[in-house]
Structures are given as C-alpha cells and as structure tokens.
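I have placed the structure first, in the form of structure tokens, so that the comments after it can refer back to it.
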Protein chains: 2
Amino acid sequence: MTETGTQTGWQAVRDEALRRIRARDWPPGARIPDEADLAAELGCARATVNRALRALAEDGLLERRRKGGTRVPLTPVRRATFSIPIIRQDIEARGLTAGYRLLADAVETVPEAVRATLGPNAPARMRHVIALHLADGAPFCLEDRWLNPAHAPEAVRFDTLSANEWLVGNVTFAEGRLSFGAVTADADLAARLCCAPGAALLALDRRTRAEAPITAVRLIYAPGYRLETVL
Amino acid sequence: MTETGTQTGWQAVRDEALRRIRARDWPPGARIPDEADLAAELGCARATVNRALRALAEDGLLERRRKGGTRVPLTPVRRATFSIPIIRQDIEARGLTAGYRLLADAVETVPEAVRATLGPNAPARMRHVIALHLADGAPFCLEDRWLNPAHAPEAVRFDTLSANEWLVGNVTFAEGRLSFGAVTADADLAARLCCAPGAALLALDRRTRAEAPITAVRLIYAPGYRLETVL
DNA sequence: GTCGAAAATAAGTATATACATATTATCGCC
DNA sequence: GGCGATAATATGTATATACTTATTTTCGAC
C-alpha cells in the first residue's frame, strides 16, 4: 500500500487501526476483523497487519489470542514506557552540569529490611555506598546503594565515578525490579538534599540480580523531580 | 534452530544476544556482528535475528543504525514499562474491594496553572471532577480531574462510575503525556486521604488530547503506594 | 445437558527473496 | 585537510509461503 509522509506500511496500518479504535468503528469489547481480512481490505500482506496489530497489543490497546482473534479491550491496561538513563546523563539532558560526591563506602552487614528484598543467595555483608549527585552544584539526587562485593570488589573505587555509572558499564543483570514511591525528608536527608525537613521526595528503588543479587539502590531525588513520558 | 523450552527462535536469539552482552563477549561500546553473520552462525533467517535485535533495541540494550550496524551502548538508557490500569482494576489486582465516592463535579474556569499544561484549543471552562477511590473502605487515591465538556457533556454523570473508567470506555485520545512526582499532603489532602498532614504522596499526572484537550488529571495516592515494574 | 475428543481457526513464527533507506566509507578535486 | 558526490553497506521493511500452536467450535456418545 502507498505510504503517507515517511510512514512505512505497518505504521500506516497501525495508525488506521488506532483511528478506527478512536472513532469507535471498533468499539471497546468488539472483536476486530482478522488479519487476513484486514490485509485484503488494506491491500498489504498479512505479516504487515500482524506487525501493526502486535505493536498496538504491546501498548495495551488491543488484546490478541490465537483462534480467539483480536479485540479492543473493554478496559485497556495502557502501557507507559519511561527512559531510565544514568544519573549523570539525566542531569546533562536537563542542560545542567553534573557533579558527584562520594559520601560513604564501607562493607557492612545488610539490614534485614534491605536483605528481605534481595532474593536468594544474598550475601550477609555488602558494600554500602552513599553518594550525592549534583546538578549545577545543587543536590539533584542521593544514591543509597547496597552492592554485592562479588560484582564490585573493594578495589573498584567510586571516588569520582558513581556506582550507578560504573555498574552500567561493567555489570549486566539477568533480572531487575524497579519501583517508585514518595518519601518524606527526615533531617539527615533534608541536610543532604538541601531541602526542608518534611519535604516530599520521589524515591526510585531498583534491584538487579544475576545468580545472586548485584545491587539494591534507592535514588532519592531533590524536591520537584518528575519522570515524564508520552503515551 | 532448535528451541529450548517454549521459546521461539527469535526469543532464543534475543536471549543469546543478552547472554553475550552480559558475559561481555560484546562489551559496552562494541559493534556486534551484523545480522547476516549472526543468522549464519545461529542457523536461522536474517529476519529472525532482526526481530530479536529490534526487541533489545526497544529495551534500550542495543543501538542500531542502518549501515552503521548494531552496538552495545556505552551507557544504555534502559526503558522501563509500567502498566497503567484503570484505578478500580489497580485496586482489585491488589486483592482489595474497590469503592468510589464522587466529591465534586462542576464546570469551572480552568486555573492558569492547569490551562498552561493543556496545549492548543483548550477551553476556558471545563468540568472539575474530584473523586475518592477506596480500597477495602480505606482511601486509595484522590482523582482531581479537569475534563473537556466537549468530550464528556454534563449529562454524563460520575456519581457511581469514575471519570477514569468512563473515559477509557468512551473516549480515545491521539496524544498523551504522563508524569509523576512526589507531593506533600496539605491539611485538605490529608483529610481526604486519611493521612497525616505533611505526608509524602505519589502524584501521577496525565494529559490527553485529540484535536483539543480531553482531560488533565492528577491522581494522588495514599501513603505507601508504589509504581512497580520489572526490567 | 455434559463431557471428551476432534476439527477448525486465527494469531505467532520462520524463511527466502526483494527492495528501500539511512547511514558510513571512499573518491576525486581543490 | 576539507568538501561534495558517489558507492557501499547494514538495517528496515514488504511479501509470499509454509508451518506451529493456542485457542474456540463442533461433534458424537452418554
């Protein structure tokens, strides 16, 4: 089929499907024509339709089942994808100069609250690395990290390069979990992030592992930090 | 090529590529073998390799360029995908009973702070809908929404069905933005969410539009709410 | 009407072939 | 060494054909 603008065939099919969903030609709950029929109607290959509809299913806008066909869900679960860069690049992308200050780095016994989140094969003692990331000299986020010495022996120093950045370049993980929540700045946290005690701060928790845990980190952002994406 | 377990060929190729990235067979910054070479090595079609590597690129783990080939990025920008269900289903997925209470619904002049976020063709007056979502009778989140009457005329009532849910079933959008951050509970918010004033709360903002804005909503979650995903 | 088995079907995938296109490398000229 | 043009290349996409597989429907026995 002919393209419009720079769109490729499968993207044009996807957008036509979106248009039909939006116009309620295909209302919520409805089963849509199968791939072969759509291909005939739109003058393209079944594989092209498949590619287009799979993309919409990945975004949560369609539900697909072999034999069962493709439906517009009654209550779609929309998917939102956020980009998670390394901290320095997050800062630089905001047009700011990134700074870094290592605050602590010692092997310590892992507190039970952290240990409980690590999963199987967790070591009893890990490196506890605390660092402050600055944007144009002002606190941007605090990195509070437990790090498996098996993956980052003490010879690896985080005096100038953050653990956040070192890990990305040196360790790849098999599984990871990411979560966000809000925390209240206590006096210590407020001092480090230069904000009022009691301020609401966004906290990002990430745990990664291979056969054993690699790291558990909490990034606590200065007030006002927001994660954004397009839907 | 032969599959392992229930994995299909392209998934097996993807996982082999991940294994090589993880093992640093393909270190950060390295250009990896091109698709035709990998296809020959792995005993499958180039299209199969293409499918596998595109998936990794979509996750931010590889960078691809026509002619330039495929590289492991020096500093990958990992992508994290969150599922955004309707609020009632978010509650029910936690094994809790969803409740709903409409607190306010009136056409009002849109405050400048909200209006500024709406983009072109924003109406001066919109429905301001405030509702509380309950989980097992306890406040779960507050829905503070500005809604374009062109998309939801006043005849549409939100006494028992939330705007959040009604919109999903009745209006599809062309563009949307999603962001979240942390806010501090003031006295009013604390009363509604049954938490202490000063508590840190996760706030999720969503704006959707077609030719004109559809809605701008802020969901403010009770303390402890976390957005989670796997990496 | 229920149940298990079999058939049918629609999506999921694999491949080969071909073409498109965004880059990167090379070349000739200055 | 720089520049613009050209060639080369590796990914991106389209198609046809075939096969796989997860469902859904149908069927026959009871």
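First the proteins, then the strands, lettered A, B, ... as listed; each starts at 1. Just so it is clear, the values below take in all heavy atoms, side chains as well, and ignore hydrogens, waters and symmetry mates.
The distance from atom CG of A:Leu38 to atom C1' of C:dA11 is 13 Å, rounded to the nearest whole Å. Atom CZ in A:Arg46 sits roughly 14 Å away from atom C1' in C:dT15 (whole-Å rounding). Atom CD of B:Glu63 and atom C1' of D:dA10 are 16 Å apart (whole Å). Rounding to whole angstrom units, CD of residue B:Gln11 and C1' of D:dT21 are separated by 13 Å. Distance B:Arg64 CZ to C:dA22 P: 16 Å, rounded to the nearest Å.
When side chains are defined from C-beta on, A:Arg79 does not count as touching A:Leu61, because their heavy atoms never get closer than 4.5 Å.
Candidate nucleotides D:dG12, C:dT13, D:dA14 were compared by shortest atom distance to the side chain of A:Thr48, and D:dA14 ranks first. Closest approach to the A:Ala45 side chain among C:dA11, D:dA16, C:dT15 is made by D:dA16 (side chain taken as heavy atoms from C-beta onward).
Taking the salt bridge (charged side-chain N to carboxylate O under 4.0 Å, His left out) definition, one finds that A:Asp25 meets it with A:Arg19, sequence neighbours left out. Take A:Ala80 and apply the side chain to side chain contact (heavy atoms under 4.5 Å, CB included) test, not counting sequence neighbours, and it matches A:Phe82, A:Thr229, A:Leu231, B:Ile84, B:Leu178. Taking B:Glu41 as the reference, B:Arg20, B:Leu38 meet the side chain to side chain contact (heavy atoms under 4.5 Å, CB included) condition, with sequence neighbours excluded. Evaluation of the ring pair (Phe, Tyr, Trp, His ring centres under 6.0 Å) rule for B:Tyr225 yields B:Phe140, B:Tyr221 as partners, not counting sequence neighbours. By the side chain to side chain contact (heavy atoms under 4.5 Å, CB included) test, B:Leu161 is found to be paired with B:Glu165, B:Trp166, residues two or more places apart in sequence or in another chain being considered.
Listed by first then second residue, pairs satisfying side chain to side chain donor-acceptor pair (under 3.5 Å) with a partner in residues 143-164 of chain A read A:His128-A:Asp144, A:His133-A:Glu143, A:Glu143-A:Arg145, A:Arg145-A:Thr215, not counting sequence neighbours. The salt bridge (Lys or Arg N to Asp or Glu O under 4.0 Å) pairs that include a residue from residues 219-231 of chain A are A:Arg226-B:Asp205, A:Glu228-B:Arg177, where partners are two or more places apart or lie in different chains.
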Quick test: give all pairs of protein nitrogen or oxygen and nucleotides 8-10 of chain C nitrogen or oxygen below 3.5 Å, distance rounded to 0.1 Å.
residue : atom : partner : partner atom : Å
C:dA10  : OP2  : A:Asp34 : OD2          : 3.4
C:dA10  : O5'  : A:Asp34 : OD2          : 3.1
C:dA10  : N3   : A:Lys67 : N            : 3.2

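B:Arg64 has a carboxylate O that lies under 4.0 Å from a charged side-chain N of B:Glu35, or vice versa, which qualifies the two as a salt bridge.
Residue B:Asn50 places at least one side-chain N or O closer than 4.0 Å to OP1 or OP2 of D:dG12.
Residues from residues 51-60 of chain B placing a heavy atom under 4.0 Å of any atom in DNA chain C, listed by number, are B:Arg51.
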